[in-house]
Amino acid sequence: MAQKMTMADISKQLGISKMTVSRYFNGGYVSEENRIKIDAIVKENHYTPNKFARSIRSQSNIIGFIAPRIESYTTSLVIKGALAAANESNARMLFHATGFSHESERQAVSEFNGLNALGTIVIASKHSIEEPFYKGLENLIFIGKQISDHCCLYYPEQAAITALVSHTIHQLQQQQAPFTAIHYIYDARMLSSRTQLMQTTLAHIAPTLPHSLQALANSEQKEAYQSITLKSNHVYFCATDNIAIRLYRRAKEQHLKIGHDIWVIGIGDYDYSDLLVPSLTTVAFNYYQMGYQAVKKLIKRDSSSCEGQFELKIRESSQFI
């Protein structure tokens, strides 16, 4: 059976935007030239629009939610907060995972913007900051990064990273740990601002120690960690707890003891980070509250930006045991 044609197919075949096709089916303005083109392809293919897609366009309680990964731990907490606020306000949420694709993010924002929706929440990617298409859009909230001319709920990463690095280095120095170098390991697909902050902070707090940055093409793939050779008496800061947890396995494979031979620190404070042996030092952000606040701001039409909160979780992995 042939696959059913979609609005996206019509858009691609005619070389016009999906917004134009959507307006055609929803009674909006379309130029006579484009209307004739769409009429022809609709009749030729006996196309009928998706009833569900049309029904949600008639609802004003829809909130779009866009993220690189829906299944990530931190994003799941943001979603839980957003859903709690949406349920309180009888709003419905539609989710889209971009897979770190900038085009997918932009397309999803465009499609949600075309709905009769309350607005769209975006977990900011490294591309969101420079996307000119977003500048003229209203009812768009970004989480995780400050973006000019938009409502943003952002994490206090500079203060958090400074506190985390400062406490770790000073504590190891007080304990007379024999550390000789510092590394930062991150996922190349994620926001580059955290990497820049870490690099600046390391240079400021430990200027006499050599430090390096190592990017992983995809931190979710086990193969990415095979290129990492851990070295005794080195400190490893990680962009996420997930990366830090992977280093626990590498340390075991290389017969290195965390807390004695090397030191590993994460960012994120996952549910199981304190259950590791040794327990993982990290920093927690208020992810749930950010999701909750984002939905409430859309509903109240509050476009003011605000900074989140953080809490250091000093545990065993950053101590000289």
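Below, each value reflects all heavy atoms present in this structure, side chains not excepted, and no hydrogens, waters or symmetry copies.
- By the neighbour-count criterion of 12 heavy atoms within 6.0 Å, atom CD of Gln173 is densely surrounded, having more than that number from other residues, nucleotides or ligands.
- Note: Tyr73 and Tyr287 fail the aromatic proximity criterion, with ring centroids not under 6.0 Å apart.
- Within 6.0 Å of atom CD in Gln309, 12 or fewer heavy atoms from other residues, nucleotides or ligands are found, so the atom counts as exposed in its surroundings.
- Contact record, Ala124 with Ile147: CB-CD1, 4.4 Å, taken as the closest heavy-atom pair.
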Exercise. Check the pair Glu220 / Arg246 against salt bridge (charged side-chain N to carboxylate O under 4.0 Å, His left out), numbers first and verdict last.
Key: CA-CA 9 Å; Glu220 298 173 295; Arg246 296 278 190 177; over 6 Å; no
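- To the nearest 0.5 Å, the span separating OH on Tyr154 from CE on Met290 amounts to 8.5 Å.
- Surrounding CD of Gln176 are at most 12 heavy atoms belonging to other residues, nucleotides or ligands under 6.0 Å away.
- Judged by the 6.0 Å distance and 45° axis criteria, Arg189 is positioned over the aromatic ring of Phe100.
- Between the side chain of Ser273 and the backbone N or O of Tyr270 there is at least one donor-acceptor pair closer than 3.5 Å.
- Evaluation of the ring-ring contact (aromatic ring centres under 6.0 Å, His included) rule for His96 yields no partner, not counting sequence neighbours.
- Between the side chains of Thr281 and Ser318, at least one donor N or O lies within less than 3.5 Å of an accepting N or O.
- For Arg301, the CZ atom sits in a packed shell: over 12 heavy atoms of surrounding residues, nucleotides or ligands are nearer than 6.0 Å.
- A donor-acceptor pair is defined here as one N or O able to donate and one able to accept, closer than 3.5 Å; such a pair exists between the side chain of Arg250 and the backbone of Tyr225.
- In this structure, the side chain of Tyr236 engages the main chain of Lys231 through a donor-acceptor pair within 3.5 Å.
- The CZ atom of Arg315 sits 7.0 Å away from atom OG1 of Thr282, with the distance rounded to the nearest 0.5 Å.
- Lys297 pairs in a side-chain hydrogen bond (donor to acceptor under 3.5 Å, both in side chains) with only one of the listed residues (Ser304, Ser303, Ser305), which is Ser304.
- Aromatic ring centres of His260 and Phe320 lie closer together than 6.0 Å.
- Remark: the backbone N or O of Leu153 is not paired with any side-chain donor or acceptor of Gln293 at under 3.5 angstrom.
- The 12-atom threshold is exceeded at CG of Asp302, counting heavy atoms of other residues, nucleotides or ligands nearer than 6.0 Å.
- Using modelled atom types, no side-chain atom of Arg69 and backbone atom of Ala97 make a donor-acceptor pair closer than 3.5 Å.
- From Asp9, atom CG reaches atom CG of Asn45 across 9.0 Å, with rounding to the nearest 0.5 Å.
- For the residue pair Thr20 / Ser17, a side-chain donor-acceptor distance below 3.5 Å is found, with atom types taken as modelled.
- Under the 3.5 Å distance criterion, the side-chain polar atoms of Asp241 are matched with a main-chain donor or acceptor of Ile267.
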Distance-only donor-acceptor pairs under 3.5 Å for side chains of residues 78-90, two or more places apart:
{"residue": "Asn87", "atom": "ND2", "partner": "Leu83", "partner atom": "O", "Å": "3.2"}
{"residue": "Glu88", "atom": "OE1", "partner": "Tyr292", "partner atom": "OH", "Å": "2.6"}
{"residue": "Glu88", "atom": "OE1", "partner": "Lys296", "partner atom": "NZ", "Å": "3.2"}
{"residue": "Glu88", "atom": "OE2", "partner": "Tyr292", "partner atom": "OH", "Å": "3.3"}
{"residue": "Ser89", "atom": "OG", "partner": "Ala85", "partner atom": "O", "Å": "3.3"}
{"residue": "Ser89", "atom": "OG", "partner": "Lys296", "partner atom": "NZ", "Å": "3.4"}

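- The heavy-atom pair separating Asn242 from Ser219 by the smallest distance is ND2-O, 3.8 Å.
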What donor-acceptor contacts under 3.5 angstrom involve side-chain atoms of residues 196-204, with partners at least two apart or in another chain?
{"residue": "Thr200", "atom": "OG1", "partner": "Gln196", "partner atom": "O", "Å": "3.0"}
{"residue": "Thr201", "atom": "OG1", "partner": "Leu197", "partner atom": "O", "Å": "2.7"}

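- Here the straight-line distance linking atom CG of Leu94 with atom CD of Glu111 works out to 11.0 Å at 0.5 Å rounding.
- When the shell of 6.0 Å around CD of Gln158 is examined, it contains 12 or fewer heavy atoms from other residues, nucleotides or ligands.
- Annotation for Ile63 and Ala91: closest pair CD1-CB, 4.1 Å, computed over non-hydrogen atoms.
- Side-chain atoms of Trp263 never come within 3.5 Å of backbone atoms of Ile258 as a donor-acceptor pair (strictly under, hydrogens ignored).
- Cluster annotation: Phe95 and Leu118 are assigned to the same hydrophobic cluster (Ile/Leu/Val/Met/Phe/Trp/Tyr, side-chain heavy-atom contacts under 4.5 Å, transitive).
- By the 4.0 Å N-to-carboxylate-O rule, Glu103 lies too far from Arg106 to be salt-bridged with it.
- Tyr186 places no side-chain N or O within 3.5 Å of a backbone atom of Thr240 that could act as its donor or acceptor partner.
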Quiz prompt | Stepwise side chain to side chain donor-acceptor pair (under 3.5 Å) test for Asn34 and Ser31 | solution = CA-CA 5 Å; Asn34 285 333; Ser31 69; 3.3 Å; yes
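- Ring centroid separation for the pair Tyr184 and Phe237 does not come in under the 6.0 Å cut-off.
- Interatomic distance, Gln146 CD to Glu157 CD, rounded to the nearest 0.5 Å: 10.5 Å.
- Ring pair His234/His183: centre-to-centre distance below 6.0 Å.
- A salt bridge links Glu311 and Lys313; the closest N-O separation between the charged side-chain nitrogens and carboxylate oxygens is under 4.0 Å.
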Quiz prompt | Thr229 and Gln254: CA distance, side-chain angles, deciding distance, side chain to side chain donor-acceptor pair (under 3.5 Å) verdict | solution = CA-CA 8 Å; Thr229 301; Gln254 297 174 218; 5.3 Å; no
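- No side-chain donor-acceptor contact under 3.5 Å links His170 to the backbone of Val165.
- Side chains of Ser101 and Ser104: a donor-acceptor N/O pair is absent below 3.5 angstrom, by distance only.
- For the atom pair CG of Asn233 and CD1 of Ile262, the computed distance is 10.0 Å after rounding to the nearest 0.5 Å.
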